[in-house]
Amino acid sequence: MEKAAIILAGGQGKRMKSNKPKVLCNVLGEPILEWELKACESSDINNICIVKGYHGEMLDEYLKKRKSASDICSVLQSERLGTGHAVMQARDYIKKFLGGDILVLNGDLPFIDKETIEASYKLHKEGGCAVTVLTAILDDAANYGRIIRDQTGISGIVEKKDCTLQQLEIKEINAGCYWFDAADLLYALGELKNDNAQNEYYLTDCIEILISKGKKADAYASRDAVTAMGANDRKELLELNDIARKAVISKHLENGIEFTCTDGVVIEKDVVIGKGTVIDCNVSLRSGTVIGEDCHIGSGCVLSNTKVGNGVSLNYVQAYDAVIDEKATIGPFVHIRPNSHIMNGVKIGDFVEVKNSTVGECTSVSHLTYIGDSDVGANVNFGCGVVTVNYNGKEKFRCEIEDNAFIGCNTNIVAPVHIGKGAYTAAGSTITGDVPDDALAIERGETIIKEGYAHKKLWERTEKYEKNKKHE
Ligand code: UD1
Ligand code: CA
């Protein structure tokens with residue numbers, strides 16, 4: 001029978017003090033909701049219903065942009081009357097899965113994973129349960145609901161605000177993740193009352209309701225309490241980020257990556273790094289980035305969706321949606337913008353920007369240069385301060401610079417322009433027309449010499465200077 005999930009995301013997360021729903025807050029560059037969706041999808045749960053509330057339109061927008069094969073829908077909880085009330089909004093959805101099971105997830109559990117979802121489902125099915133709750137053992141049960149155990153499984157969950165002094169001592173807590181038999185869930189929702197300390201419809205009351213109807217309930221205690229961690233405010237969110245960050249770094253350490261210092265190092269989950277690569281402090285590697293073996297990623301690098309070949313050395317480089325091939329040396333203070341391809345052995349020095357361009361093998365761009373919308377061949381040499389003038393205020397054009405060309409310092413190359421193989425441009429030229437192979441292009445004013453001109457000027461300036469000094 002098909003499985004489905006309901007994610008409760010109606011809450012505002014007031015203490016987060018955010019203008020968006022809490023589930024859209026990021027942990028390691030990805031919304032908490034995304035972590036949960038991926039956990040469901042990796043457990044083969046591809047029917048997902050999200051209960052939205054506070055800024056629900058932002059959730060819908062997020063889901064629309066998300067590429068996935070899953071069938072994801074949302075229902076609106078227009079009043080925030082508790083977790084039970086939130087699930088009630090999905091009644092029609094639950095009806096579609098009668099005979100099957102529904103995973104209900106609080107929307108703030110980024111670390112819920114495939115193993116936990118599958119192991120709890122196994123317990124749920126093997127025990128013939130109407131409901132199975134995910135629990136965790138915590139030293140400080142804080143504001144979590146307490147699990148009341150009995151000989152066979154569990155007999156209920158008591159919210160902190162409704163606990164007796166004795167129940168407050170319980171260390172096993174409700175993580176906010178449940179497997180329900182769909183029909184049993186529908187039944188229990190119909191029986192929920194809000195006669196508790198918070199006058200809310202508690203989803204957790206379903207356990208007692210089902211047990212009193214003679215159904216079986218059990219609890220699956222997570223192996224790692226981290227699975228149950230959520231965040232109610234920014235401090236807790238930062239803590240989740242830190243946990244996720246360290247877990248990712250630890251995985252890379254095991255894979256043979258060397259970190260000189262992990263301060264300020266943030267590597268998103270899907271990043272791939274080849275063995276022998278060294279990562280210095282203060283490095284951000286964002287989603288989609290793949291780094292080869294034996295690279296050196298120096299301080300201050302930010303790489304997003306960028307492919308880096310083996311043996312590359314980067315230092316204070318920001319690169320977005322780019323490809324950098326083997327043994328390139330880049331930096332410091334270089335910006336590689338989207339759709340750029342830096343080929344094998346290229347050397348790029350300080351204060352260089354490359355945008356939407358190809359830079360061919362072993363080409364050298366040592367300093368203060370802008371290469372935009374250009375196709376640059378192999379073994380080209382750029383002097384200091386070259387600019388490809390790709391934009392006339394209305395349209396953009398491309399520059400083509402062929403292999404072995406030598407671009408003199410401070411050349412402006414006004415696109416569209418073609419510079420032939422091995423051609424030279426004289427320093428300070430503004431090249432507005434094509435340059436044939438092997439030619440030298442000079443496009444600058446001639447030097448005019450006026451002998452003795454400076455004497456008079458210098459005398460005037462000195463006189464003024466002496467006057468000013470006297471008036472002091
Ligand atoms: C809930 C559980 C508690 C558990 C804890 C785990 C209940 C009654 N209590 O408490 O036992 O230990 O989670 O974190 O369920 N939501 C809605 N609509 C609502 C209320 C909540 O969509 O009307 C959503 C929230 O957006 C959130 C989730 O449900 O994602 C949990 O709500 P929250 O208020 O955080 O529940 P807790 O009080 O923490
Ligand atoms: Ca909570």
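All values reported here derive from a predicted model rather than from experimental measurement. For ligands, and for the atoms within them, numbers begin at 1 and follow the listed sequence.
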For this session: Output yes when the distance from some N or O of ligand 1 to some N or O of Tyr202 is under 3.5 Å, and no in every other case.
Result: no

Exercise. Would you call Lys216 and Glu126 a salt bridge, taking side-chain N to carboxylate O under 4.0 Å as the test?
Worked result: no

For this session: Kindly indicate whether a cation-pi arrangement holds for Lys193 with Tyr201, taking the cut-offs as under 6.0 Å to the six-membered ring centre and within 45° of the axis.
Result: no

For this session: Find out whether Asn344 and Lys327 are in side-chain contact, i.e. whether some heavy atom of one side chain is under 4.5 Å from a heavy atom of the other.
Result: no

Exercise. What do you reckon, does Ala9 put a non-hydrogen atom under 4.0 Å from ligand 1?
Worked result: yes

Exercise. Got a donor-acceptor contact below 3.5 angstrom from the Asp224 side chain to the Val226 backbone?
Worked result: yes

Problem set entry | From Asp108, Ile50, Asn174 - option closest to atom 35 (O) of ligand 1 by heavy atom | Asp108

Exercise. Hey, does Gly107 come in under 3.5 Å of ligand 1, counting only N/O atoms on both sides?
Worked result: yes

Problem set entry | Numbered atoms and elements of ligand 1 in range of Ala86, under 4.0 angstrom, heavy atoms | 17 (C), 18 (N), 22 (O)

Exercise. Thinking salt bridges, do Glu169 and Arg146 make one under a 4.0 Å N-O criterion?
Worked result: no

Problem set entry | Gly11 N/O to ligand 1 N/O under 3.5 Å | yes

For this session: For Trp35 and Val27, indicate whether the former's side chain and the latter's backbone hold a donor-acceptor pair under 3.5 Å.
Result: yes

Exercise. In ligand 1, which numbered atoms sit nearer than 4.0 Å to a non-hydrogen atom of Leu81?
Worked result: 23 (O)

Exercise. Can you find an N or O of Thr83 that's nearer than 3.5 Å to an N or O of ligand 1?
Worked result: yes

Problem set entry | Option among Thr260, Thr277, Asp280 that satisfies the side chain to side chain donor-acceptor pair (under 3.5 Å) test with His296 | Asp280

For this session: Return the orientation label for the His252 and Phe259 ring planes: parallel under 30°, perpendicular over 60°, tilted otherwise.
Result: tilted

For this session: Please confirm whether Leu8 comes within less than 3.5 Å of ligand 1 when only nitrogen or oxygen atoms on both sides are compared.
Result: yes

For this session: Check each of His85, Gln77, Glu159 against atom 3 (C) of ligand 1 and report the one with the nearest heavy atom.
Result: Glu159

Problem set entry | Contact partition for Ala228 relative to ligand 1, non-hydrogen atoms under 4.0 Å | neither

For this session: Can you figure out which of Gly82, Gly145, Gly10 has its heavy atom closest to atom 19 (C) of ligand 1?
Result: Gly82

Exercise. Is it true that a side-chain atom of Asp233 and a backbone atom of Arg15 form a donor plus acceptor pair closer than 3.5 Å?
Worked result: no

Exercise. So is Thr204 close enough to ligand 1, meaning a heavy atom under 4.0 angstrom away?
Worked result: yes

Exercise. Does some non-hydrogen atom of Ile173 fall short of 4.0 Å from ligand 1?
Worked result: no

